[in-house]
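Handing you a structure now.
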Amino acid sequence: QVQLVESGGGLVQAGGSLRLSCAASGSIFSIRAMGWYRQAPGKQRELVAELTSDSSTDYADSVKGRFAISRDNAKNTVYLQMNSLKPEDTAVYYCQAILRPGDRPDYTGRYWGKGTLVTVSS
């Protein structure tokens with residue numbers, strides 16, 4: 001059973017920084033991409049940043065220059081360094097992985113963590 005567990009959320013003042021972590025565990029054959037999404041109250045879930053296995057990155061325009069995604073392949077862990085935080089960054093941040101599980105290497109699926117809350121005060 002594949003699990004994604006996020007950590008690092010919390011309350012921070014505007015202009016501050018936070019670092020989110022997401023560790024994928026369980027039987028994993030390969031990971032194609034890992035990334036972060038967020039959902040603010042009353043809004044749809046949106047992509048924040050994604051990092052593929054070939055090191056390609058994609059960022060939402062609203063976070064470019066402020067957030068940075070990175071990955072420790074040996075630990076199956078992805079990080080999101082968030083700097084210059086703004087109140088509009090307040091949301092639940094979800095980790096997503098596109099991967100092949102070890103017991104079904106012919107299958108590629110999307111897996112989600114349960115989310116971690118980031119609150120930015122003004």
Side-chain angles (χ1 to χ4, degrees):
Q1 189 89 5
V2 175
Q3 284 190 319
L4 302 181
V5 178
E6 304 102 332
S7 61
L11 174 64
V12 64
Q13 286 189 330
S17 298
L18 281 175
R19 188 191 193 209
L20 304 183
S21 300
C22 171
S25 63
S27 180
I28 298 171
F29 180 75
S30 64
I31 297 177
R32 195 169 84 189
M34 293 186 77
W36 292 92
Y37 286 70
R38 68 185 180 186
Q39 188 166 18
K43 294 189 177 181
Q44 288 188 329
R45 191 173 298 190
E46 63 175 359
L47 173 70
V48 177
E50 186 175 66
L51 175 60
T52 65
S53 58
D54 63 357
S55 301
S56 297
T57 57
D58 189 19
Y59 290 95
D61 287 342
S62 59
V63 306
K64 284 180 181 177
R66 300 189 296 124
F67 291 10
I69 190 169
S70 61
R71 182 175 156 184
D72 184 334
N73 291 328
K75 296 181 179 180
N76 287 338
T77 298
V78 66
Y79 305 96
L80 185 68
Q81 179 65 44
M82 306 186 293
N83 299 324
S84 303
L85 283 161
K86 304 176 181 179
E88 50 264 43
D89 294 318
T90 295
V92 177
Y93 283 70
Y94 297 91
C95 178
Q96 182 204 74
I98 301 172
L99 60 83
R100 294 183 178 184
D103 58 349
R104 291 188 59 188
D106 59 326
Y107 167 78
T108 301
R110 293 178 182 267
Y111 295 79
W112 293 91
K114 293 183 178 180
T116 185
L117 177 62
V118 172
T119 304
V120 184
S121 63
S122 57

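Predicted model, so just to flag it, every value in this text is computed and none were measured. Residue numbers count from 1 along this sequence.
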Whether K64 and D61 form a salt bridge (side-chain N of Lys/Arg under 4.0 Å from carboxylate O of Asp/Glu) is what I want to check.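 Yes.
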
Minimal non-hydrogen separation, L117 against A91, with atom names: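 The pair with the smallest heavy-atom distance is CD1-O, 3.6 Å.
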
R66 side chain to S84 main-chain N or O, any donor-acceptor pair under 3.5 Å?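 Side chain of R66 to backbone of S84, a donor-acceptor pair under 3.5 Å: yes, one is there.
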
My understanding is that only one of T119, T90, V120 makes a side chain to side chain contact (heavy atoms under 4.5 Å, CB included) with V12; could you say which? V120

Measure across M82 and V118 and return the closest heavy-atom pair with its distance rounded to 0.1 Å.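 Closest approach of M82 to V118: CE-CG2, 3.9 Å.
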
Ignoring hydrogens, what is the shortest heavy-atom contact between S53 and I31? Give both atom names and the distance.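 Taking every non-hydrogen atom into account, CB-O, 3.6 Å.
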
Between the SG atom in C22 and the CG atom in N76, the distance rounded to the nearest 0.5 Å is 10.0 Å

V78 versus C95: any side-chain heavy-atom pair under 4.5 Å?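 Yes, at least one pair of side-chain atoms sits under 4.5 Å.
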
Hydrophobic clustering (ILVMFWY, side-chain heavy atoms < 4.5 Å, transitive) - are Y107 and I98 grouped together?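 In one cluster with I98: Y107, no.
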
Whether E6 side chain and K114 backbone form a donor-acceptor pair below 3.5 Å: yes

Value for CZ (R100) from OG (S27), rounded to nearest 0.5 Å, stands at 13.5 Å

Exercise: identify the closest heavy-atom pair between A24 and M34: CB-CE, 4.2 Å

Report the relative orientation of the aromatic rings in F67 and Y93; use parallel for angles under 30°, tilted for 30 to 60°, perpendicular for over 60°. tilted

Which atom of A68 lies closest to which atom of Y59, heavy atoms considered: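 Smallest heavy-atom distance, with atoms named: CA-OH, 3.4 Å.
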
Report the distance from atom CZ of R32 to atom CD of E50, rounding to the nearest 0.5 Å.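 The distance works out to 8.5 Å.
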
Which atoms form the tightest heavy-atom contact between W36 and L47, and what is the distance? O-CD1, 3.7 Å

Interatomic spacing from CG in D103 to CD in Q1 - rounded to 0.5 Å: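 That separation rounds to 8.5 Å.
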
Does Q3, at its CD atom, have more than 12 non-hydrogen atoms belonging to other residues, nucleotides or ligands within less than 6.0 Å? no

Would V63 and R38 count as a side chain to side chain contact (heavy atoms under 4.5 Å, CB included) here? Give the steps. CA-CA 12 Å; V63 306; R38 68 185 180 186; 4.0 Å; yes

Between CD of Q81 and CD1 of I69, what distance do you get to the nearest 0.5 Å? 12.0 Å

Given the rule that I, L, V, M, F, W and Y join up when any side-chain heavy atoms are under 4.5 Å apart, are V48 and Y94 in one cluster? no

Spatial distance of atom CD (Q13) from atom CG (L11) [nearest 0.5 Å]: 8.0 Å

Checking the side chain of T57 only, and the main-chain atoms of L51 only, is there a donor and an acceptor separated by less than 3.5 Å?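 Answer holds: no.
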
